[in-house]
Amino acid sequence: MRGSVWNRRTVQRLRQLLISTVGSMRVKLLLCCCIGFTLIVLANRASDFMGWTSHTAVLERSSDSRKGYSIVMNTWKRYDLLKQSISHYSQCPRLDSIHIVWSEPSPPSDSLTKFLDHIVHLNTRDRRQVELKYDINKEDSLNNRFKEIKDLRTDAVFSIDDDVIFPCSSVEFAFDVWQSASDTMVGFVPRMHWVDPKGDENHYIYGGWWSVWWTGTYSMVLSKAAFFHKKYLSLYTNEMPASIKEFITKNRNCEDIAMSFLVANVTNAPPIWVKGKIFEIGSTGISTLGGHTEKRTNCVDRFVAEFGRMPLVPTSVKAVDSRNIWFW
């Protein structure tokens, strides 16, 4: 009898010990999983911590120019920023060419062209060479950034300012999105138009970033960082009303809104906003001047009158690269 009781107690103790051991192993396994998950997240976020220069991990893609894109970069007497931007974007995998929109009174200096040529050659020596060109303009006008370029080898145009940097991975993802809807604009900087709250249906208000952030709705993506089809350069050059282009030249503003109107008027569809981390390396620009929002509100009203309708289409769709985001 005593032996039987002792055996039962031994079995119970062994069972308790086994349960305790298994429980401890579960806790340790859970801790290991948490640590592993944390390490993976930190590894994936390392490029963000390092800044926009950590883009070399982007996978190489096909260099077929028909599948690539051309950068059209607007610049004005900010040579250090131009050098930084060209140095960065020339490393993007599917870039075919860079066209610098030059509207200064004097042509680019020999030292500048030699430096940019060297850096582009250095960054693309292991793959197909990226073509670097200067589109020289006699007149200083914001319309120059949308002049037709006859020798573009790609359908896709990535319009970018010289003071804005996006990681190559973000640019490549936006290009993928554009390929799925190549008639519309695909970009990183959304804006919105609003009907006058006082009830005047013929008057609109330009909404900046905070109105987009608050409502989640937008109807434009600005050409300071956006993809569009090269055919819109031709349409802007040859079909945009001269009165609009003259207004833009005179007021030095709103060429990006005009392009948004043009594309929306053709497609009757909204643009696509792509999530991307932006690095603004410049400190000055048109948007920093006083009365900027009021001037752009005036542009929206004027363009509506010129087009005979409001072509902009609001949307709340946002393209997100789920490969780099855990919760979305």
Side-chain angles (χ1 to χ4, degrees), residues 61-74 89 92-101 128 130-133 135 137 142-161 164 166 168 170-191 218-241 244-245 248 254-276 303 306-307 309 311-315 317-319 321:
R61 296 180 173 92
S62 171
S63 61
D64 187 341
S65 63
R66 292 171 298 175
K67 297 180 181 179
Y69 55 89
S70 302
I71 282 181
V72 175
M73 183 176 294
N74 199 47
Y89 287 114
C92 294
R94 287 182 286 179
L95 176 65
D96 178 78
S97 62
I98 301 174
H99 294 256
I100 299 174
V101 180
R128 187 181 183 281
V130 169
E131 185 179 46
L132 178 62
K133 287 194 171 185
D135 297 332
N137 297 280
L142 291 176
N143 292 304
N144 292 339
R145 73 181 306 162
F146 299 135
K147 273 190 175 181
E148 184 177 12
I149 302 175
K150 298 289 187 178
D151 58 348
L152 275 180
R153 299 184 301 195
T154 66
D155 289 336
V157 172
F158 183 47
S159 174
I160 189 78
D161 284 353
V164 180
F166 289 91
C168 283
S170 296
V171 177
E172 296 286 311
F173 174 67
F175 178 50
D176 289 335
V177 174
W178 176 84
Q179 287 182 304
S180 69
S182 58
D183 279 338
T184 193
M185 290 185 73
V186 174
F188 296 99
V189 186
R191 293 294 184 265
Y218 64 98
S219 58
M220 295 173 272
V221 290
L222 301 187
S223 57
K224 68 184 295 180
F227 278 96
F228 52 78
H229 197 284
K230 67 178 181 181
K231 66 183 178 183
Y232 293 118
L233 296 178
S234 175
L235 286 175
Y236 191 100
T237 300
N238 302 307
E239 303 295 335
M240 180 68 76
I244 289 182
K245 290 192 284 189
I248 290 169
C254 300
E255 84 289 354
D256 48 359
I257 298 177
M259 177 57 87
S260 289
F261 267 69
L262 175 66
V263 176
N265 194 57
V266 171
T267 63
N268 292 309
I272 300 175
W273 172 21
V274 175
K275 179 182 176 63
F303 296 167
E306 292 282 358
F307 276 77
R309 70 185 187 104
L312 300 177
V313 181
T315 183
V317 173
K318 184 178 182 180
D321 189 349

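All of these numbers come straight from a predicted model, not from anything done at the bench. Computed from heavy atoms alone, side chains included, the values below leave out hydrogens, waters and symmetry copies.
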remark   = Residues passing the side-chain hydrogen bond (donor to acceptor under 3.5 Å, both in side chains) test with Lys147, sequence neighbours excluded, are Asn137

Whether Tyr89 and Phe158 hold their rings parallel, tilted or perpendicular, with breakpoints at 30° and 60° = perpendicular

message = Can you confirm whether Glu172 sits close enough to Tyr69 that some side-chain heavy atom of one is under 4.5 Å from a side-chain heavy atom of the other?
response = yes

Side chain to side chain, Tyr218 and Pro271, heavy atoms closer than 4.5 Å = yes

Side-chain heavy-atom pair Ser170, Val274 within 4.5 angstrom cut-off = no

inquiry  = Measuring from atom CG of Asp96 to atom CG of Asp155, what distance do you get when rounded to the nearest 0.5 angstrom?
reply    = 11.0 Å

query = Is the closest side-chain heavy-atom distance between Arg309 and Asn265 below 4.5 Å?
reply = yes

query = Below 4.5 Å, heavy atoms only, C-beta onward: do Asn74 and Val72 meet side chain to side chain?
reply = no

ask   = Run the side chain to side chain contact (heavy atoms under 4.5 Å, CB included) check on Ile100 and Ile98 step by step: do they pass?
value = CA-CA 6 Å; Ile100 299 174; Ile98 301 174; 4.3 Å; yes

task = Heavy atoms only: give me the nearest Val186-Ala174 pair and the separation to one decimal.
result = CG1-O, 3.7 Å

query = Is any NZ, NE, NH1 or NH2 atom of the basic residue among Asp256 and Arg145 found under 4.0 Å from an Asp or Glu carboxylate oxygen of the other?
reply = no

request  = Determine whether Val157 and His99 make a side-chain contact, defined as any pair of heavy atoms from C-beta on separated by less than 4.5 Å.
outcome  = no

inquiry  = Treating Ser180 as the side-chain partner and Val177 as the backbone partner, does any N or O pair qualify as donor plus acceptor under 3.5 Å?
reply    = yes

request  = Drop me the distance from Ile160's CD1 to Phe166's CZ, to the nearest 0.5 angstrom.
outcome  = 5.5 Å

remark   = d(Asp135 CG, Glu148 CD) to nearest 0.5 Å is 11.5 Å

query = Is Asn143 reaching over with its side chain to a backbone N or O of Lys245, donor-acceptor style, under 3.5 angstrom?
reply = yes

Asp151 side, atom CG; Lys133 side, atom NZ - distance, nearest 0.5 Å = 3.5 Å

message = Nearest 0.5 angstrom please: Ile244 CD1 to Glu306 CD, how far?
response = 5.0 Å

Ala258 versus Ile248, closest heavy-atom pair with distance = CB-CD1, 3.8 Å

request  = Could you tell me how the ring of Tyr232 sits relative to the ring of His229: parallel (under 30°), tilted (30 to 60°) or perpendicular (over 60°)?
outcome  = perpendicular

inquiry  = Show the nearest heavy-atom pair for residues Ala264 and Pro311, with the distance to one decimal.
reply    = CB-O, 3.5 Å

remark   = Note: Ala156 and Phe175 closest approach over all heavy atoms is CB-CE1, 3.5 Å

request  = List for me each residue that meets side-chain hydrogen bond (donor to acceptor under 3.5 Å, both in side chains) alongside Lys275, sequence neighbours excluded, and say none if there are none.
outcome  = none

task = Not counting sequence neighbours, which residues clear ring-ring contact (aromatic ring centres under 6.0 Å, His included) with Tyr236? List them please.
result = Phe146

message = I want to check something: taking the side chain as every heavy atom from C-beta on, are Ile257 and Phe261 in contact at a cut-off of under 4.5 Å?
response = yes

message = Let me confirm one number: the CG-CZ distance from Asp176 to Phe227, rounded to the nearest 0.5 Å.
response = 9.0 Å

query = Where do Thr154 and Ser70 land on the side-chain hydrogen bond (donor to acceptor under 3.5 Å, both in side chains) test, with the steps shown first?
reply = CA-CA 6 Å; Thr154 66; Ser70 302; 2.8 Å; yes

ask   = Trp178 versus Ile272: any side-chain heavy-atom pair under 4.5 Å?
value = no

request  = Locate the shortest heavy-atom distance separating Gly187 from Val221; write the atom from each residue and the value.
outcome  = N-CG2, 3.8 Å

Closest approach of Ser223 to Ser159 (non-hydrogen atoms, all atoms of both residues) = O-OG, 2.7 Å

request  = Take Asp183 and Lys231, measure what side chain to side chain contact (heavy atoms under 4.5 Å, CB included) needs, and give me the verdict at the end.
outcome  = CA-CA 9 Å; Asp183 279 338; Lys231 66 183 178 183; 2.7 Å; yes

